[in-house]
2 protein chains.
Amino acid sequence: MKIITYNVNGLRSALSKGLLDWVREADPDVLCLQEIKAGTAPLDVSGFEALGYQAYLHPAAKPGYSGVATFTKLTPKAVVVGCGTECYDSEGRVLRLDFDDFSVLNTYMPSGTSRPERQAFKIGWLHFFRAYVRELQATVPGLVIGGDFNCCQRDIDLHNAKANQNSPGFTPEERAWFADLLADGYTDAFRHHHGDAVGHYSWWTFRSGARARNVGWRLDHLLVDSGLQPRITAAGHLPDAVHSDHCPVFVELGE
Amino acid sequence: MKIITYNVNGLRSALSKGLLDWVREADPDVLCLQEIKAGTAPLDVSGFEALGYQAYLHPAAKPGYSGVATFTKLTPKAVVVGCGTECYDSEGRVLRLDFDDFSVLNTYMPSGTSRPERQAFKIGWLHFFRAYVRELQATVPGLVIGGDFNCCQRDIDLHNAKANQNSPGFTPEERAWFADLLADGYTDAFRHHHGDAVGHYSWWTFRSGARARNVGWRLDHLLVDSGLQPRITAAGHLPDAVHSDHCPVFVELGE
DNA sequence: CCTCATATG
DNA sequence: CATAAGAGG
């Protein structure tokens with residue numbers, strides 16, 4: 001059971017760079033994409049269907065903005081599009097697929113880098129999201145939260161922690177939020193498997209050759225319900241995929 | 001004395017495709033450019049200056065839209081930017097350089113293809129322009145009107161006259177306007193030199209390989225005051241220049 | 001430094 | 001089918 005999360009920075013752009021060939025090779029059972037940036041016309045998902053995937057989409061109301069999609073080879077027993085809160089659902093930020101013994105919550109958390117109001121919006125979302133997940137825990141066992149969190153927790157999760165103490169994505173408030181979320185009963189699959197390994201990032205700015213110099217952040221995560229933790233057989237990054245400014249992040253669960 | 005008119009469809013784009021190398025080779029004395037599409041930052045004309053040109057610009061008020069520029073190796077004795085009518089000058093459509101024994105009126109006439117209101121605007125412009133030129137005739141002898149006229153006169157000026165009887169750029173009204181303008185005392189340099197030659201166009205849509213199939217229109221013209229007609233030594237198109245959806249059009253005047 | 005929508009041609 | 005600005009990241 002391989003689950004991959006990947007912020008594609010525009011699904012059509014990623015497709016034009018050979019995303020489907022990469023999907024065929026990587027062969028995830030469940031593929032969570034973020035920032036699909038769907039337009040006004042319906043997205044063409046036939047390429048995924050040809051590879052045996054069912055497609056579930058949650059685009060933003062605004063064309064070309066945000067949006068998540070989950071592709072799955074397993075048939076879900078339930079699909080929940082959105083979270084029921086309009087200001088988030090209009091931005092296409094959550095999509096849940098329930099399977100027999102686990103659920104995959106695909107999420108694209110807001111970025112706070114453009115304007116202070118968006119950082120405030122993000123903080124609001126983080127509080128909402130934690131409460132939302134706590135509620136899910138009661139009814140949806142075996143949650144796997146996968147997506148672009150647009151934040152990280154520890155100094156080793158970004159190239160230059162010192163210079164970014166107050167940068168959106170690494171503020172004390174966000175770091176504390178991340179720790180609290182984990183304390184609610186989740187395992188960061190990457191850290192579980194790689195311990196305190198450094199230099200593993202999932203996003204690099206396009207500017208000034210940051211990716212070639214590995215000046216990045218670990219913003220994309222797969223948080224696994226701690227009850228599922230014993231089933232984690234592998235986890236990591238797939239930095240050879242170059243369709244985006246992010247790289248894919250994966251986890252494998254045994255039976 | 002070589003005068004070239006060229007709709008560059010974005011000066012920065014054309015420069016990135018080697019416009020300056022082409023200018024060095026073509027070596028015009030006066031170069032009229034249209035659709036420079038200047039942005040908010042001042043255009044970098046140093047490359048033209050390095051080739052010995054003086055630069056005169058008339059950008060539109062709206063960044064990235066319309067605008068004309070004239071580059072000259074001869075020092076003009078007068079330069080007139082715009083025509084004095086705000087609704088045209090805000091779109092950067094005329095720029096006149098007076099030399100000792102002739103003047104070059106660089107013009108980018110409105111396109112009418114986007115919306116009916118723009119075709120109406122264009123018709124208004126055409127009437128204005130003819131009156132404007134009639135006034136100039138009294139005070140500015142030896143006028144050379146060069147630019148993208150966005151219209152043509154005769155069946156042989158476009159690939160498919162039959163199908164375009166009512167297309168903007170070839171409506172009966174525009175064709176009559178063109179004939180009237182010539183009757184005011186101007187010689188179409190291209191026709192003067194090439195008679196009724198067919199298949200010579202100066203614009204091809206980017207769509208569906210129109211240029212390769214030579215499915216085009218002759219929209220760019222050099223109209224020479226009939227008093228200067230005896231001085232025309234050469235005229236024609238330069239379709240090997242491929243920086244734009246238009247090609248350059250030239251005329252040479254002897255002493 | 002990218003992708004995308006929109007305006008304009 | 002292109003250019004360009006502008007939003008968003």
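Computed from a prediction, not measured in an experiment: that's the story for all the values here.
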* Say whether Gln119(B) and Glu174(B), considering side chains only, have a donor N or O and an acceptor N or O under 3.5 Å apart. => yes

* With the side chain counted from C-beta on, respond yes when Tyr108(B) and Asp148(B) share a heavy-atom pair under 4.5 Å apart, and no when they do not. => yes

* Using whole Å, report how far CD of Gln34(A) lies from C1' of dG8(D). => 17 Å

* Phe190(B) and His200(B) aromatic centres sub-6.0 Å -> yes

* Starting at CD1 of Ile36(B) and ending at P of dG9(C), how long is that distance when rounded to a whole Å? -> 15 Å

* **Rounded distance (Å) that lies between atom P of dA2(D) and atom CH2 of Trp203(B)** => 13 Å

* To do: Would you mind reading off the distance between Leu11(A) atom CG and dC2(C) atom C1', rounded to a whole angstrom?
  => 16 Å

* Asked: Base, sugar-phosphate, or nothing: which does Thr205(B) touch, judged by heavy atoms less than 4.0 Å apart?
  -> nothing

* Tyr108(A) has an atom OH; how far is it from atom C1' of dG9(D), in whole Å? -> 6 Å

* Asked: Of all residues at least two apart in sequence or in a different chain, which pass the side chain to side chain contact (heavy atoms under 4.5 Å, CB included) check with Asp245(B)?
  -> Asn9(B), Trp203(B), Phe206(B)

* How is Ser208(B) classified with respect to the nucleic acid when contacts are heavy atoms under 4.0 Å: base, sugar-phosphate, or nothing? -> sugar-phosphate

* Does any pair with a residue in residues 3-23 of chain B pass salt bridge (Lys or Arg N to Asp or Glu O under 4.0 Å), and if so which ones, sequence neighbours excluded? -> Asp21(B)-Arg24(B)

* Asked: Going by atom types alone, do Glu35(B) and Ser66(B) pair a side-chain donor with an acceptor below 3.5 Å?
  -> no

* Structure fact -> Applying side chain to side chain contact (heavy atoms under 4.5 Å, CB included) to Ala210(A) and not counting sequence neighbours gives Trp204(A), Thr205(A), Val215(A)

* Taking atom C1' of dC4(C) as reference, at what distance in whole Å does atom CG of Asp245(A) sit? -> 13 Å

* Hey, does the side chain of Ser111(B) come within less than 4.0 Å of dG9(C)'s phosphate (OP1/OP2), counting only N and O? -> no

* Those residues that, when tested against Ser90(B), pass side chain to side chain contact (heavy atoms under 4.5 Å, CB included) (two or more places apart) -> Ala61(B), Glu86(B)

* Which ones in residues 85-96 of chain B lie close to DNA chain C, meaning a heavy atom under 4.0 Å from one of its atoms? -> none

* Asked: Is Asp180(A) paired with Arg175(A) through a side-chain N to carboxylate O contact shorter than 4.0 Å?
  -> no

* Asked: Atom CZ of Arg207(A) and atom C1' of dC2(C): how far apart are they, to the nearest Å?
  -> 9 Å

* Asked: Over how many whole Å does the gap from Phe206(B) atom CZ to dA4(D) atom P extend?
  -> 10 Å

* Determine the contact category for Ala60(B): base if any of its heavy atoms lies under 4.0 Å from a base atom, sugar-phosphate if only primed atoms, P, OP1 or OP2 are that close, otherwise nothing. => nothing

Extract from the structure each pairing of a protein N or O with an N or O of nucleotides 6-8 of chain C at less than 3.5 Å, listing the distance.
residue	atom	partner	partner atom	Å
dT8(C)	OP1	Lys62(B)	NZ	2.9

